[in-house]
Amino acid sequence: GENVEQHPSTLSVQEGDSAVIKCTYSDSASNYFPWYKQELGKGPQLIIDIRSNVGEKKDQRIAVTLNKTAKHFSLHITETQPEDSAVYFCAATRGAGGTSYGKLTFGQGTILTVHP
Amino acid sequence: NAGVTQTPKFRILKIGQSMTLQCTQDMNHNYMYWYRQDPGMGLKLIYYSVGAGITDKGEVPNGYNVSRSTTEDFPLRLELAAPSQTSVYFCASSTARTGELFFGEGSRLTVL
């Protein structure tokens, strides 16, 4: 089955700095890679996703890059703010429609702390 | 707009007891999922459902059962609680159109 490794496990930055979280996956057939943000006491919430036919996707201060050859993908947050402090999870799956997009293999999570 | 609602939020069980975690969604989503989250381990899929009457196993189904009698409800049952089932449980739902999972706020279960 799929295995997703996520690094670092904790990341501390100053407000305004950039933050980068990296994930590697093992199944070359995986084609859907979402990122979820989990605030304290809440369920995870999708912040951005990328499919394997795209190398990069951006949404305001958040971007995700995908390298299919190396089987890794990364989350980039620019101009970090204290409200970006949360746990971030990467995930991967062989998405082919239907429930396959929800049958995710998650990374271990990164605790991001943004200091004012 | 409630989204995905889970009850209870917290529960302590003794070894060997049984209980049901409730999950309901009001978004008319066909697909529903149960994940468990252990510290430092990410989330792991327990069971999922593609619609009323249809369920299937995920990565870690042992010790759990599910049913899906309606589109809205997807309860998770623990028959003989074991300490290894101490975890935070998340229910989620999605549609066929996008990959986005909508999660509930979680149910923290401790088995002593």
Side-chain angles (χ1 to χ4, degrees), chain A residues 1-10 21 23-27 30-54 57 59 64 86-111, chain B residues 2-7 9-10 21 23 25 27 29-52 54-61 66 68 71 74 87-108:
Chain A
E2 175 66 279
N3 183 51
V4 177
E5 296 288 334
Q6 182 172 347
H7 299 280
S9 56
T10 61
I21 302 170
C23 289
T24 59
Y25 61 98
S26 61
D27 186 352
S30 288
N31 60 2
Y32 175 63
F33 307 92
W35 285 88
Y36 282 82
K37 175 183 180 182
Q38 185 178 24
E39 297 177 345
L40 197 62
K42 302 287 187 181
Q45 185 173 13
L46 180 71
I47 55 172
I48 196 166
D49 57 11
I50 192 167
R51 301 181 195 274
S52 59
N53 58 347
V54 175
K57 184 176 179 181
D59 183 3
V64 57
V87 182
Y88 290 81
F89 291 98
C90 63
T93 188
R94 294 185 183 189
T99 56
S100 59
Y101 287 122
K103 293 165 61 179
L104 297 168
T105 300
F106 282 86
Q108 297 89 337
T110 297
I111 302 172
Chain B
V4 178
T5 302
Q6 292 182 234
T7 56
K9 292 191 185 303
F10 303 94
L21 299 177
C23 175
Q25 53 95 6
M27 296 174 284
H29 287 170
N30 285 332
Y31 308 137
M32 295 189 75
Y33 313 81
W34 276 104
Y35 281 89
R36 60 177 286 174
Q37 182 179 30
D38 299 318
M41 297 291 290
L43 289 85
K44 293 189 183 296
L45 182 63
I46 306 172
Y47 270 96
Y48 66 98
S49 170
V50 302
I54 306 170
T55 63
D56 207 347
K57 296 176 181 178
E59 182 182 357
V60 290
V66 294
R68 185 96 181 271
T71 299
F74 190 40
S87 189
V88 181
Y89 292 84
F90 287 98
C91 179
S93 68
S94 70
T95 69
R97 288 190 301 109
T98 74
E100 181 173 7
L101 290 179
F102 294 85
F103 284 90
E105 294 198 334
S107 297
R108 182 177 294 275

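Nothing here was measured: the structure is a model prediction, and the numbers come from that model. Below, chain A is the first sequence line, B the second, and so on; all start at residue 1.
Both the backbone and the side chain of A:Pro44 come within contact range of chain B, with heavy atoms under 4.5 Å apart. For B:Tyr35, the part lying near chain A is the side chain, with the backbone staying farther off; criterion is any non-hydrogen pair under 4.5 Å. When heavy atoms are compared at a cutoff of 4.5 Å, B:Gln37 approaches chain A solely by way of its side chain, counted from C-beta outward. Heavy atoms of A:Leu104 lying under 4.5 Å from chain B belong to its backbone as well as its side chain.
Nearest approach of A:Val87 to A:Gly109, heavy atoms of both residues: CG1-CA, 4.3 Å. Closest approach of A:Ala92 and A:Tyr25 over heavy atoms only: CB-CB, 4.5 Å. Closest heavy-atom contact between B:Ser93 and B:His29: OG-ND1, 2.8 Å.
In the model, A:Gln6 has a side-chain atom that pairs as donor or acceptor with a side-chain atom of A:Thr110 under 3.5 Å. A donor atom on one side chain and an acceptor atom on the other are found under 3.5 Å apart for B:Tyr33 and B:Ser94.
By number of non-hydrogen pairs under 4.5 angstrom with chain A, the leading residue of B:Asp56, B:Leu43, B:Leu45 is B:Leu43. The greatest number of non-hydrogen atom pairs below 4.5 Å with chain A, out of B:Pro39, B:Gly40, B:Gly106, is found for B:Gly40.
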